[in-house]
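Following: one structure in C-alpha cells, then a few remarks.
Whatever order the structure lists them in is the order used to number ligands and atoms, beginning at 1. We number each residue from 1, following the sequence as shown.
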Amino acid sequence: MTNPQSERPIIVAGAGPVGVIMALALARQGLAVQVFEAEARVNDSPRAATTHAATLSMLENLGLVEEVIRAGLVEPKFRVWDRASREIIAEFDFGILKNDTPYPYVVQCEQHKLANMTIERLKRLPNVTVAFSSRIVNVAQHDDRVEVDVQTSAGTQRLTASYLIGCDGGRSTVRKALDIDFEGYTHPERFLVLTTPFPFDAEYSQCSRNYFSDPEEWCALFKVTGDDGKGLWRLLFPTRLNETENQAFDEASVQTRLQRFFPKAGSYPVVHRNLYNVHQRVAASFRKGRVFIAGDAAHVNNPLGGLGLNFGIHDAVELSTLLGRVIRGEASPNTLDFYERYRRPLNIEFVQQQTIANKKRLEEKDPEARSRNNAALRATASDPAAHRAYLLRASLIDSVRRREMEAA
Ligand SMILES: Cc1cc2nc3c(=O)[nH]c(=O)nc-3n(C[C@H](O)[C@H](O)[C@H](O)COP(=O)(O)OP(=O)(O)OC[C@H]3O[C@@H](n4cnc5c(N)ncnc54)[C@H](O)[C@@H]3O)c2cc1C
C-alpha cells in the first residue's frame, strides 16, 4: 500500500474501541498509523454493548458488521417498565425502521469484543502498528508535525507524527495537553453495574433491553452474550448519594439490591461488580492544529440509551474520511474544520440531550410528571409515525442524516 502522507504516520492515543476503529478506517485508506495503548490489554470491564443501526452501517463499510452480529445478540425491541407495578409502560420496536436501514435492530456486542476483533483486522494490515503498555505522556505541536512522548517500561521515546488523534478516554491526556475545557457536569450519584448469569429469561427473554422507571431506584437490565456465549445479564442501578464503593460492592447489599429488584429463591451469582462516575461533558473544542480528540476524550454522557460509543465510532468515521481526503490532496486543509463544526453540535443535540432526558424520565419523583411522561411514551409507542420518529433519533440515524444534509 502507498503512504500518501510521506514519511510521518498518524498517531492514535488509546486502543479503546474508538481508537482502534479510527486506526482501521485510516489504515484501510493506505495511511500509515501507529496506535499506542497505555494498558497491557483491551479493557474488558462491562461498558458499552448496544450498537445502533447507524453504527452497524458504518461497521459494514469497515468490513466488521458480520463479525459483530455473530459475536452479539440481535435485539429489535426495548421496553420501558414501571418498576413498582411491573407493568410495561411502552415497548419500542426498531423493526419499524425497516425502510430506513438495513439494520432495523440493535446488536448487543460487548465493546471489548469489538475492540479485539478490530485489532485482529489491524494485525493483517502492513501500514498499522498497535503497541500496548505504551502511554502517551506529552504532546508538542508544530506547524508541520506533532511530537509525542511515549512512555514504556524501557523509557520514554519521542516520536513524530503528521497528526495526533486522542482517543484516550474521558480522562484524556491529549485533551489536557491541549488545555481544552471539558464543559458540563458530573452526576452526584455513581452507576453500579452488577453482572449475573442468572437467567432472567423467564420474565424477560422476549426482550434483552429493559429500562425500569422508579422514583426510588430506577434500573436498567440488559442481556449480553458473555465470553462463553452462554449469556449474562447486566443490571445497572444508581448508587445512593454518598454510598461508598465498599457499601455498593458488599455481598449482602448486592444481594439485597438484586432481591428487591427481582425476588427469587437463593442468592444471585454475581460475576462482576463495577462502579462508574457519570458525566455529561463535551470538550470546548475537538481540535487544535494537528491534534484532534474523539470518542470519550471529546464527549461523555450517561449510558441510558447506549449512545456514547456509537457516537465515538461516528467521530472516527468522519475524521478518518476528512484526514484521508486532505492527506491525498483531494481537499484543502481547511476541510478539517468540518470535524469540530459538525461533531460537537451533533453530540450536544443527539447524545447529551437524549441521555439527559432518558435519565430524568427514569428517575422522575413527581407523581404528576411521571404520569405525564408515561402517557407521552405510550402515545409515542402507539402512533406509528411518532414511534418511527422516536427511533430514528434513538438509533442516531437522524444525526447521520443531519450531517449528510449539512454536507450537501
Ligand atoms: C456502564 C456503561 C455502559 C455503557 N453502555 C454503552 C452502550 O451500550 N452503548 C454506547 O454507545 N456506549 C455505552 N457506554 C459508553 C462507552 O463505554 C464509551 O463511550 C466508550 O468506552 C468510549 O470508547 P473510547 O475508545 O472513546 O474510550 P475508552 O473505552 O475509555 O478507551 C480509551 C483507551 O485509551 C487508553 N488510554 C488512556 N490514556 C492513555 C494515554 N495517555 N496513552 C495511551 N492510551 C491511553 C485507555 O487505557 C483506554 O484503553 C457505556 C458506558 C458505561 C460506563
Side-chain angles (χ1 to χ4, degrees), residues 11-23 34-52 54-56 72 75 78 106-112 114-116 118-119 130-139 148-152 164-177 187 190-195 208-209 220 222-224 234-238 272-279 281 283 293-316 347 350-351 354-355 358 394-396:
I11 290 185
V12 174
V18 174
V20 295
I21 287 181
M22 183 77 76
Q34 295 178 344
V35 182
F36 294 100
E37 164 56 47
E39 300 301 327
R41 51 198 280 271
V42 166
N43 179 345
D44 63 0
S45 67
R47 292 195 286 162
T50 302
T51 316
H52 285 288
T55 313
L56 293 168
E75 178 54 81
F78 68 93
V106 305
V107 179
Q108 294 284 100
C109 175
E110 298 95 315
Q111 70 178 62
H112 68 276
L114 174 62
N116 281 321
T118 307
I119 290 171
V130 183
F132 284 89
S133 304
S134 305
R135 179 179 293 276
I136 290 182
V137 289
N138 205 10
V139 177
V148 177
D149 290 344
V150 181
Q151 191 181 64
T152 65
L164 168 67
I165 310 174
C167 302
D168 49 347
R171 295 180 191 149
S172 173
T173 302
V174 173
R175 188 188 65 241
K176 289 175 187 160
H187 291 285
R190 291 187 283 177
F191 283 13
L192 171 68
V193 179
L194 302 174
T195 308
S208 57
R209 294 182 71 218
F222 299 98
K223 190 174 183 184
V224 293
R234 292 178 179 171
L235 295 101
L236 176 65
F237 298 97
H272 297 294
R273 36 199 99 187
N274 298 80
L275 208 48
Y276 298 93
N277 292 318
V278 192
H279 320 269
R281 293 185 186 273
I293 49 175
D296 275 20
H299 41 73
V300 284
N301 54 273
N302 82 61
L304 299 168
L307 295 175
L309 173 56
N310 282 268
F311 196 88
I313 292 172
H314 299 201
D315 290 346
N347 184 272
F350 288 92
V351 177
Q354 285 200 82
T355 55
N358 289 344
S395 60
L396 292 180

query: Should S134 be listed as contacting ligand 1, given a heavy-atom distance under 4.0 Å as the test?
result: yes
- line: Taking only non-hydrogen atoms of V18 and a 4.0 Å limit, the atoms of ligand 1 in range are 23 (O), 24 (P), 25 (O), 26 (O)
task: Specify the protein heavy atom at minimum distance from atom 5 (N) of ligand 1: its residue, its atom name, and the distance to 0.1 Å.
output: A48 CA, 3.2 Å
- prompt: So, is L236 polar-close to ligand 1, with some N/O to N/O distance under 3.5 Å?
  reply: no
query: Tell me, which protein residue and heavy-atom name are nearest atom 46 (C) of ligand 1, and how many Å apart are they?
result: E37 OE2, 3.5 Å
- request: Could you establish whether G312 and ligand 1 come within less than 4.0 Å of each other, counting only heavy atoms on the residue side?
  value: no
field: Non-hydrogen side-chain atoms of S45 and Y276 separated by less than 4.5 Å
entry: yes
field: Heavy-atom side-chain proximity of N43 to H112 below 4.5 angstrom
entry: no
- prompt: Using a heavy-atom cut-off of under 4.0 Å, does the side chain or the backbone of F36 touch ligand 1, or both, or neither?
  reply: backbone
- prompt: Any side-chain heavy atom of R234 sitting closer than 4.5 Å to one from V224?
  reply: yes
message: Using a 3.5 Å cut-off on N or O atoms only, is Q111 in polar contact with ligand 1?
response: yes
- request: Please identify which atoms of ligand 1 are closer than 4.0 Å to at least one heavy atom of G295.
  value: 26 (O)
task: Measure from atom 50 (C) of ligand 1 to every heavy atom in A316, A38, P303 and give the option owning the shortest one.
output: P303
- request: Check whether any side-chain heavy atom of D315 lies under 4.5 Å from a side-chain heavy atom of H299, and answer yes or no.
  value: yes
message: Is there a polar contact between ligand 1 and A49, counting only N or O atoms under 3.5 Å apart?
response: yes
field: Heavy-atom pair with the smallest gap, counting every atom of V18 and A316
entry: O-CB, 4.2 Å
task: Just need the protein heavy atom nearest to atom 36 (N) of ligand 1, so name the residue and atom and give the distance.
output: D168 CB, 3.8 Å
message: Given V12, L275, T50, identify the one with the heavy atom nearest to atom 8 (O) of ligand 1.
response: T50
query: What residue and atom, counting heavy atoms only, is the protein's closest point to atom 26 (O) of ligand 1, and at what distance?
result: D296 N, 2.9 Å
- line: If we number the atoms of ligand 1 from 1 as shown, the ones under 4.0 Å from a heavy atom of E39 are 47 (O)
query: Where the side chain of R175 meets the backbone of D168, is there a donor-acceptor pair that is under 3.5 Å apart?
result: no
query: Backbone, side chain, both or neither: what part of C167 comes under 4.0 angstrom of ligand 1, heavy atoms only?
result: backbone
Sole residue of T355, N358, D296 in side chain to side chain contact (heavy atoms under 4.5 Å, CB included) with N301: T355
statement: Residue, atom and distance of the protein heavy atom nearest atom 31 (O) of ligand 1 read G16 CA, 3.5 Å
message: What I want to know is whether T173 and ligand 1 share at least one N or O pair that is separated by under 3.5 angstrom.
response: yes
- prompt: How far is atom 28 (P) of ligand 1 from its nearest protein heavy atom, and which residue and atom is that?
  reply: R47 NH2, 3.7 Å
- request: Begin from the C-alpha positions of T152 and S133 and carry the test side-chain contact (heavy atoms from CB on, under 4.5 Å) through to its verdict.
  value: CA-CA 6 Å; T152 65; S133 304; over 6 Å; no
- prompt: Does E39 come within less than 4.0 Å of R135, counting only side-chain N to carboxylate O?
  reply: yes
message: Contact between L114 and T51 at the side-chain level, heavy atoms closer than 4.5 Å - yes or no?
response: no
Contact check: G306 vs ligand 1, nitrogen or oxygen atoms, below 3.5 angstrom: yes
message: Using a 4.0 Å cutoff against the non-hydrogen atoms of V193, which atoms of ligand 1 qualify?
response: 1 (C)
message: With a 4.0 Å cut-off on heavy atoms, is F191 in contact with ligand 1?
response: no
message: When you compare the side chain of R171 with that of K176, does any pair of heavy atoms fall below 4.5 Å?
response: yes
query: Which one holds for P17 and ligand 1: side chain close, backbone close, both close, or neither close, with close meaning a heavy atom under 4.0 Å?
result: both
message: Taking distance alone, with N or O pairs closer than 3.5 Å, would you say P46 contacts ligand 1?
response: no
message: Can you confirm whether the side chains of T50 and Q108 place a donor and an acceptor under 3.5 Å from each other?
response: yes
- request: Check whether any side-chain heavy atom of I136 sits under 4.5 Å from a side-chain heavy atom of I11, and report yes or no.
  value: yes
- prompt: Counting from 1, what ligand 1 atoms have a heavy atom of G169 closer than 4.0 Å?
  reply: 27 (O), 30 (O), 32 (C)
- prompt: Considering all heavy atoms of both residues, which atom of A15 and which atom of V42 are nearest to each other, and what is their separation?
  reply: O-CG2, 3.9 Å
- prompt: Do L309 and ligand 1 have an N or O pair less than 3.5 Å apart?
  reply: yes
field: Heavy-atom donor-acceptor pair, Q151 side chain to V137 backbone, under 3.5 Å
entry: no
Min N/O separation I136 to ligand 1 under 3.5 Å: yes
4.0 Å heavy-atom contact, N43 with ligand 1: no
- request: Look up atom CZ in F350 and atom CG in L396, then write down how far apart they are to the nearest 0.5 Å.
  value: 8.0 Å
